[in-house]
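What follows is a single structure, written as structure tokens, with notes after it.
In what follows, chains carry the letters A, B, and so on, assigned in the order in which the sequence lines appear, proteins first and then strands, with residues in each chain numbered from 1.
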There are 2 protein chains.
Amino acid sequence: MVNIGDVARAAGVSRSTASYALSGKRTISPAVRENVERAVRELGYTPNAGARALATSRTNVLALLGQFFDDEFAPAMLQYILGITNRARELGFDTLLVTEGDGVEALTRIATSRMVDGFVLLNVAEFDERLDPLRAAQQPGALVGLPGDATGIDTFDLDFDAAGRLMVERLHEMGHRELTLVSQPEHVVERGGAYVWRLADGARAKADEHGIRLNHVFGSSHQPQIGDDLNAVLDRYPQATGLLLNNEAAAAALPSVLAARGLSSPADISVIGRYSDEFARTFSLPFSAIDSAADLLGRRAVEQLVSRLRTAADASPHVIELIAPVIDDRGSIAAPPPRR
Amino acid sequence: MVNIGDVARAAGVSRSTASYALSGKRTISPAVRENVERAVRELGYTPNAGARALATSRTNVLALLGQFFDDEFAPAMLQYILGITNRARELGFDTLLVTEGDGVEALTRIATSRMVDGFVLLNVAEFDERLDPLRAAQQPGALVGLPGDATGIDTFDLDFDAAGRLMVERLHEMGHRELTLVSQPEHVVERGGAYVWRLADGARAKADEHGIRLNHVFGSSHQPQIGDDLNAVLDRYPQATGLLLNNEAAAAALPSVLAARGLSSPADISVIGRYSDEFARTFSLPFSAIDSAADLLGRRAVEQLVSRLRTAADASPHVIELIAPVIDDRGSIAAPPPRR
DNA sequence: CTGAAAGCGCTTACAG
DNA sequence: CTGAAAGCGCTTACAG
């Protein structure tokens, strides 16, 4: 394989001059620079990544630590992943995707072997075991998902509290008086999936403010159970005129359930979901929904991480950035039907 | 950061002895070995990945080159990715996920910088531009997806020809005489998505063999267009009693379409899809389907790649492994309804 | 069974 | 504006 010595020889300069000509870290005479660049082109030279990492203590690689649970909605994860890998590349970084079950072990292994310059953690839980090892690591990190204690780590998430409030507020404006919220499975809550209760608490607060009755149930993550769950909910709360879905599987299942019951939205029932726009487009879920902002959150996390890498690691204070919820209107919100 | 010199000093041996004690590449007296192991534990030593890569020319990292097209079904990709990353880790490798648009440029960059020991290419097309650079690279590769010319590269794919045959055969057994195949969008074909015509050709051959009439249409990749497409197909071929779906979006859209038309499967129409079992479970698509075998294909590709890394690169002949299609029976296949 | 030393391919003070 | 040399942290012949 061609190395910088080959380039230097071909250009008739020393290895250090070749290196400087490429990095631009000191002034090089135009003639020499051109010779070096030509040699690079002709020989097809690319620096050896391992050698460069050893010399500079920089790898230009970020680690992306995912967590994939059977009872959460895996397909949604891809949006975060693509946002992160694409933005990282734009900023000059490659991405190591880490999916092993033991995130603590993986993080420690990768941090101490200095394979990466920084970490992005996905699907962060209320008490996330990966956070202390991350704080102990030499490399900085950024979180997608708000933990109970984000001290010392840049954090990005959808503002789920505001999302819950917004859902209720919008339906209140249209005149609804009773709503039902379908959340992720209770397992997700037990595991520390704070976004579930943050949205529920926000919805509850706003409902109380307006004197709206809010029913709250946990739905399954897969069909056909979630279909049964939805039918049960509709049976149990017949007076509810609006459905809030913080559960992607519920959004995917609801069209069939409504059709089977001879109901349509928004004529019979208003619906607001919370899922990514890409997901809605792929399945064309006909429901207005708060965008998960998966792509945006992933990109923001990478941007912050890289900016921290390019300055002194702790130069700037750590941020918690909660994205304001936005409803993509797909026409499933209207006034409730006349009282039966 | 603690290095092998620190370990050696703490154990009272030379750096080479410490290294050999850890690698087991030569016999070490038990006492010395224990001293070294204790030092490693106490100091929390992990070898520096860059230094090791430089010394050994091995990174223990694989590159996973994805291609994500807007008109194919992105969520399905995650299954391949997870199969690959998980199996790689089991075999001692981490995975660099590469998603940038220009796969040729990415492959060349990563190969020449020696960031990885091998490549897995996803979504390989009939004339895939990444194959020649892969053949030119120092590192071996494995493909998921069968190209027109797989010379010199290990290749894994579902046997789509057999899948098309199996779909038709199964419906023929039940007495169907006219079927409609809904494929991916025509754009996918134009881009070289050979699996589309391989399945269609297989279905066509088997249909001809049995004197079955086979209609073939290309469906959209997103709703609501795919819903319209399905309605158009049902209007246009009213005599067809079986639907073959080589299009995930069609499978996701069909339940609503059937419900809206007052049809049910299999009573009114038999349906066979082709998608991953996980996808079916997440959405509980009620249709029998040939499993994409995404997880299995990803794992097999990694296993072959790693075994090639562990022997001489070209020691064994290259394989083309086509996974035999298997139908997951979900009860959507039955005899056609009595002639209207 | 163990150690001293060379070498992997870079970058970057140091010296001119 | 440029070069000779040290050093990053490993592994592995070479020598004993």
Side-chain angles (χ1 to χ4, degrees), chain A residues 1-37 39-40 43-61 92 109-117 138-139, chain B residues 1-37 39-40 43-61 92 109-117 138-139:
Chain A
M1 216 56 199
V2 35
N3 62 31
I4 200 165
D6 301 326
V7 170
R9 197 172 320 113
V13 298
S14 72
R15 301 195 307 149
S16 58
T17 298
S19 177
Y20 283 119
L22 292 175
S23 69
K25 288 196 181 173
R26 73 182 182 193
T27 43
I28 300 283
S29 70
V32 167
R33 161 182 303 254
E34 269 169 37
N35 278 342
V36 171
E37 282 167 358
V40 165
L43 299 174
Y45 169 73
T46 312
N48 178 299
R52 175 173 277 181
L54 184 57
T56 62
S57 299
R58 290 287 190 175
T59 63
N60 295 313
V61 177
R109 173 175 63 81
I110 290 169
T112 56
S113 67
R114 324 223 63 139
M115 297 180 75
V116 303
D117 296 338
Q138 295 292 317
Q139 302 93 335
Chain B
M1 216 58 198
V2 34
N3 63 30
I4 200 164
D6 301 326
V7 170
R9 198 172 320 113
V13 297
S14 72
R15 301 196 307 150
S16 59
T17 298
S19 176
Y20 282 119
L22 293 176
S23 69
K25 288 197 181 170
R26 72 180 182 193
T27 43
I28 299 282
S29 70
V32 166
R33 159 182 303 253
E34 269 170 37
N35 278 342
V36 171
E37 281 167 359
V40 165
L43 298 175
Y45 169 72
T46 312
N48 179 299
R52 174 173 277 181
L54 184 56
T56 62
S57 299
R58 290 286 190 177
T59 63
N60 295 314
V61 177
R109 173 175 62 81
I110 289 169
T112 56
S113 66
R114 324 224 62 141
M115 297 180 74
V116 304
D117 296 338
Q138 295 293 316
Q139 302 93 334

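Distance A:N60 CG to C:dT11 C1': 14 Å, rounded to the nearest Å. Here D:dG7 presents its P atom at 14 Å from CG of B:N3, a figure rounded to the nearest Å. Per the geometry, CD belonging to B:E34 stands 13 Å off P belonging to C:dT2, to the nearest Å. Spacing between atom CG of A:L54 and atom P of C:dT12 amounts to 12 Å, rounded to whole angstrom units. Between the CD atom of A:Q138 and the P atom of D:dC8 there is a distance of 16 Å, given to the nearest Å. Here C:dC8 presents its P atom at 14 Å from CZ of B:R114, a figure rounded to the nearest Å. Between the OH atom of B:Y45 and the C1' atom of D:dG9 there is a distance of 7 Å, rounded to whole Å. When rounded to the nearest whole Å, the span between CD1 of B:I4 and C1' of C:dG3 equals 13 Å.
Counting atom types as modelled, A:R52 pairs no side-chain N or O with a base atom of D:dG9 as donor and acceptor under 3.5 Å.
Atoms OG1 and CG, from A:T59 and A:L54 in turn, are 12.5 Å apart once rounded to the nearest 0.5 Å.
Backbone-only contact: A:S29 has heavy atoms under 4.0 Å from sugar-phosphate atoms and none from a base.
Relative to the side chain of A:T17, the nucleotides D:dT2, D:dC1, C:dC8 differ in distance, and D:dT2 lies closest. For B:S14, whose side chain is taken as the heavy atoms from C-beta onward, the closest listed nucleotide among C:dT11, D:dT2, C:dG3 is C:dG3. For A:S19, counting side-chain heavy atoms from C-beta on, the closest listed nucleotide (D:dT11, C:dT11, C:dC10) is C:dT11.
A residue-by-residue look at A:V32 and B:Y20 shows that A:V32 has its nearest nucleotide of DNA chain D further toward the 5' end. Along DNA chain D, the nucleotide closest to B:R26 and the one closest to B:P47 are compared, and the more 5′ of them pairs with B:P47. Map B:A51 and B:P30 each onto its nearest nucleotide of DNA chain C; the residue landing nearer the 5' end is B:P30.
Distances shorter than 4.0 Å separate some side-chain N or O of B:K25 from OP1 or OP2 on D:dT12. Taking only side-chain nitrogens and oxygens, A:S16 never comes nearer than 4.0 Å to OP1 or OP2 of D:dT2. One finds no side-chain N or O of B:R15 lying less than 4.0 angstrom from the OP1 or OP2 phosphate oxygen of C:dA4.
Side chain of B:Q139 to main chain of B:A111: a donor-acceptor pair is present (N/O by atom type, distance under 3.5 Å, no hydrogens or angles). With hydrogens and angles ignored, the 3.5 Å screen pairs a side-chain donor or acceptor of B:N3 with a backbone N or O of B:D6.
Screening B:V13, B:V36, B:N35 against B:V7 for a side-chain contact (heavy atoms from CB on, under 4.5 Å) leaves a single residue, B:V36.
Pairing each heavy atom of B:N60 with each of B:D117, the nearest pair is N-OD2, 2.7 Å.
Taking a pair to require two hydrogen-bonding distances under 3.5 Å in either a Watson-Crick or a G-U wobble arrangement, D:dA4 remains unpaired.
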